[in-house]
There are 2 protein chains.
Amino acid sequence: MPTIHDVARLAGVSITTVSKVLNGYPDVGAKTRANILRITQEVGYQPSAMARGLAMNRSWLIGVFFQDAVNSGLEHPFFEAVLNGCKNAVGRHGYDLLFFSNLVFAPGDAKNDYLPRARQRQVDGVLLMGAHRQDKELRRLAEADLPCMFVDIDMTGPRAGFVQSNNHEGAKRAIQHLLDLGHRRIAVIGDRYGSKPGEDRLAGGREALAEVGLELPDEYVRFGDFSQESGSGAMASLLTDVPRDKWPTAVFALSDLMAFGVMDAALEAGLSVPGDLSVVGFDDINIASRLRPRLTTVRQDMHRIGEQAGEALIQMIENDSLRPPVLSVDTEFVERESTAPAALQ
Amino acid sequence: MPTIHDVARLAGVSITTVSKVLNGYPDVGAKTRANILRITQEVGYQPSAMARGLAMNRSWLIGVFFQDAVNSGLEHPFFEAVLNGCKNAVGRHGYDLLFFSNLVFAPGDAKNDYLPRARQRQVDGVLLMGAHRQDKELRRLAEADLPCMFVDIDMTGPRAGFVQSNNHEGAKRAIQHLLDLGHRRIAVIGDRYGSKPGEDRLAGGREALAEVGLELPDEYVRFGDFSQESGSGAMASLLTDVPRDKWPTAVFALSDLMAFGVMDAALEAGLSVPGDLSVVGFDDINIASRLRPRLTTVRQDMHRIGEQAGEALIQMIENDSLRPPVLSVDTEFVERESTAPAALQ
DNA sequence: TTGTACGCGTTATCAT
DNA sequence: ATGATAACGCGTACAA
């Protein structure tokens with residue numbers, strides 16, 4: 001590989017002049033500049049990112065931490081969409097993405113040394129998603145003097161912000177839809193692990209109910225882990241614990257997968273959807289519009305989330321004094337076939 | 001961030017000694033070594049990957065090129081699975097993944113400067129997928145003296161190999177299944193763009209037919225681009241062009257998505273699946289086991305493909321003289337509900 | 001307008 | 001067993 005020295009030698013100038021031309025400095029003669037440019041092309045010279053980074057103390061790299069999801073044949077291209085969005089955003093500014101490998105997925109005692117690894121690679125910013133909120137190492141990362149954006153984790157720091165869907169509004173809209181259809185006995189399948197999105201969606205649902213003077217009884221709140229199995233388990237336990245004449249007429253599951261599980265359990269119990277039970281999900285994964293009945297749900301724009309995170313990182317990198325943003329991406333309510341007017345009692 | 005100089009100063013030794021300890025050289029006194037190790041821990045010293053790479057001319061980075069798929073709300077977590085597999089494999093050897101951004105997706109005149117970008121970042125190896133076979137720049141990359149593995153692209157070079165599913169056998173098995181069910185008029189929805197997997201699957205299907213003395217008539221071969229829409233289009237045109245009494249009783253689509261399209265078109269034409277028409281797909285995307293009728297298909301192990309690619313790269317990197325492998329990952333035939341015995345004529 | 005020389009943080013060679 | 005010192009390839013004050 002040719003170095004800047006080779007180009008300089010071939011052009012009969014010093015490396016300084018070559019460097020200046022390549023970095024757009026004005027104080028170089030037109031002829032010299034043209035000549036250097038030509039030679040650069042000819043020999044296919046590419047400045048070494050490592051040497052460049054070493055000298056400038058920058059890498060033009062965004063570090064990405066993410067875990068293989070628990071249910072690792074995962075249905076929704078969640079990470080992929082976020083990643084592509086981020087990739088596009090940072091790519092426009094000349095940054096590439098660095099994926100850290102080898103992460104351990106363990107809620108409590110995780111020894112995921114995010115910060116040291118980020119420092120070792122000298123990434124200019126960090127995007128983190130899919131980690132557990134309780135992971136202690138997250139704080140060290142958030143407190144560091146390194147631009148950082150979390151996805152679906154409400155953590156901030158001097159240079160750390162986060163982005164997530166407007167879960168509160170999205171959930172509120174979903175419940176309002178059920179209320180509009182005349183439902184009054186509405187159950188919610190929440191998130192057992194207490195993630196921020198889970199909290200917000202539950203709160204949004206509660207708010208919608210409160211606005212019409214309704215409450216969410218404890219026996220109508222069950223918890224899962226976003227998987228289909230947990231959804232059917234939660235629904236099954238609900239149907240067991242609650243007397244038949246008090247069964248809910250509608251269920252809001254905090255993820256599409258759990259919504260599918262709810263439908264499974266409902267069918268198992270002899271309930272038809274949406275005839276006897278209306279079901280609303282959250283995410284709008286691809287399969288949601290294909291299964292019968294097609295699922296009414298709240299769509300998340302994951303690509304947008306990634307783009308926002310990427311853009312925010314670049315801003316923070318290029319502007320030291322910028323305070324880290326807390327971003328919210330709007331959701332879209334999608335009415336399909338899994339919800340119907342409440343049957344007369 | 002502390003540097004090796006800081007550690008040396010604190011330990012009262014030279015940087016050479018520190019470097020030796022950190023890199024496991026034996027010629028350092030036990031006491032000195034322990035002291036240096038302690039201080040390293042205390043100050044949280046991490047060797048800079050950039051400086052290290054500059055000095056050693058290695059980056060411990062695997063460069064990854066991939067395109068956002070054409071239908072970019074893509075259903076199957078294809079890339080994600082491959083990526084995770086590769087990430088796990090290379091992570092075990094201390095490598096991370098570098099994602100190149102900003103790629104243009106244009107079959108013919110693509111100006112995707114893979115090689116220059118790989119060189120600029122000094123990646124030790126390259127994983128490439130999702131590109132068009134015709135992309136001229138691919139050759140430059142394959143010819144370079146840089147370990148490289150292609151996924152689903154049959155390109156080799158002095159240090160370049162590739163990995164893909166055993167598409168030939170997978171397709172053969174699918175057709176054999178249809179033959180076993182008594183089908184004789186079997187149509188195939190192939191790949192319009194002539195990808196390697198497309199070619200192999202078509203050839204595998206033909207071979208299965210040939211083994212029982214059957215041929216694949218031209219009017220029974222239609223082409224799509226792996227998308228659902230193209231699948232239904234291909235099937236619709238087939239049903240239009242071929243007289244009703246010669247309609248196929250079974251269709252093998254080279255992707256699950258196209259298989260769904262085929263079912264759509266069949267339903268449109270008043271055909272029931274699998275009553276009037278048996279359908280087999282390829283991939284086994286998640287949705288395949290959920291839609292009704294559940295799709296009979298050929299499962300690809302994408303995670304494995306990624307792992308194999310990653311492992312191969314590491315081997316090539318650590319052994320200059322290793323000739324690049326051409327790997328094949330077995331598929332698994334999954335019989336479900338979209339196929340049934342051929343009706344008596 | 002051009003060039004000299006130093007620093008970035010390592011590893012590696014060769015003395016001591 | 002330990003330490004100078006020269007690379008690695010680049011950017012940039014500063015001098016010319």
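Here the structure is a predicted model, which means the values were calculated and not measured. Throughout, protein chains are lettered first and strands after them, A, B, ... in sequence-line order, and every chain is numbered starting at 1.
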Kindly give the atom pairs (protein nitrogen or oxygen, nucleotide nitrogen or oxygen) under 3.5 Å for nucleotides 14-16 of chain C.
none

Side-chain atoms of residues 138-147 of chain B: list all donor-acceptor pairs with protein atoms under 3.5 Å, sequence neighbours left out, distances to 0.1 Å.
residue, atom, partner, partner atom, Å
Arg139(B), NE, Glu143(B), OE2, 3.3
Arg139(B), NH2, Glu143(B), OE2, 2.8
Arg139(B), NH2, Thr156(B), O, 2.9

Query raised in the report: Tyr25(B) side chain N/O closer than 4.0 Å to the phosphate oxygens (OP1, OP2) of dA12(C)?
Result: yes

**Report entry** Which residues share a side chain to side chain donor-acceptor pair (under 3.5 Å) with Gln300(B), sequence neighbours left out
**Finding:** Ser165(B), Asp283(B)

Query raised in the report: Sequence neighbours excluded, which residues qualify as side chain to side chain donor-acceptor pair (under 3.5 Å) partners of Ser195(B)?
Result: Asp191(B)

Query raised in the report: Between Tyr114(A) and Phe65(A), what is the shortest heavy-atom contact and its length?
Result: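 Closest heavy-atom pair between Tyr114(A) and Phe65(A): O-CZ, 3.3 Å.
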
Report summary line: Closest non-hydrogen atoms of Arg159(A) and Asp320(A), given as atom of the first, atom of the second and distance, are NH2-O, 3.4 Å

Requested in this report: Let me know, please, whether Met56(B) or Ile15(A) comes out on the 5' side of the other along DNA chain C by nearest nucleotide.
Outcome: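 Per heavy-atom nearest nucleotide, the more 5' residue is Ile15(A).
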
Round to the nearest Å and state the distance from [X] atom [atom1] to [N] atom [atom2].
X	N	atom1	atom2	result
Met1(B)	dC8(C)	CE	P	16 Å
Leu22(B)	dG9(C)	CG	C1'	13 Å
Leu54(A)	dC6(C)	CG	P	17 Å

Query raised in the report: Considering the terminal five base pairs at each end of the helix from dT1(C)-dA16(D) to dT16(C)-dA1(D), what angle separates the two local helix axes, rounded to 10°?
Result: 40°

Query - 5'-most by nearest nucleotide on DNA chain D - Pro2(A) or Ser14(B) - result: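 Between the two, 5'-proximity favours Ser14(B).
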
**Report entry** N/O donor-acceptor pair under 3.5 Å between Thr40(B) side chain and Tyr45(B) backbone
**Finding:** no

**Report entry** Members of residues 28-53 of chain A that approach DNA chain C, where some heavy atom sits under 4.0 Å away
**Finding:** Val28(A), Gly29(A), Thr32(A)

Requested in this report: Using a heavy-atom cut-off of under 4.0 Å over every strand shown, decide if Asn23(B) touches base, sugar-phosphate, or nothing.
Outcome: sugar-phosphate

Query - Parallel, tilted or perpendicular: ring planes of His132(B) versus Tyr193(B), cut at 30 and 60 degrees - result: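 Plane angle over 60°, so perpendicular.
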
Just to verify, what does [X] make a salt bridge (Lys or Arg N to Asp or Glu O under 4.0 Å) with, not counting sequence neighbours?
X	value
Arg9(B)	Asp6(B)
Arg52(B)	none
Asp154(A)	Arg133(A)
Glu42(A)	Arg38(A)

**Report entry** Steps toward side chain to side chain donor-acceptor pair (under 3.5 Å) verdict (Asp330(A), Ser328(A))
**Finding:** CA-CA 6 Å; Asp330(A) 279 342; Ser328(A) 168; 5.0 Å; no

Query raised in the report: Which residue pairs satisfy the salt bridge (Lys or Arg N to Asp or Glu O under 4.0 Å) criterion with at least one member in residues 301-313 of chain A, sequence neighbours excluded?
Result: Arg92(A)-Glu307(A)

**Report entry** Leading and trailing nucleotides of DNA chain D with any atom under 4.0 Å from heavy atoms of chain B
**Finding:** dA1(D) to dG9(D)

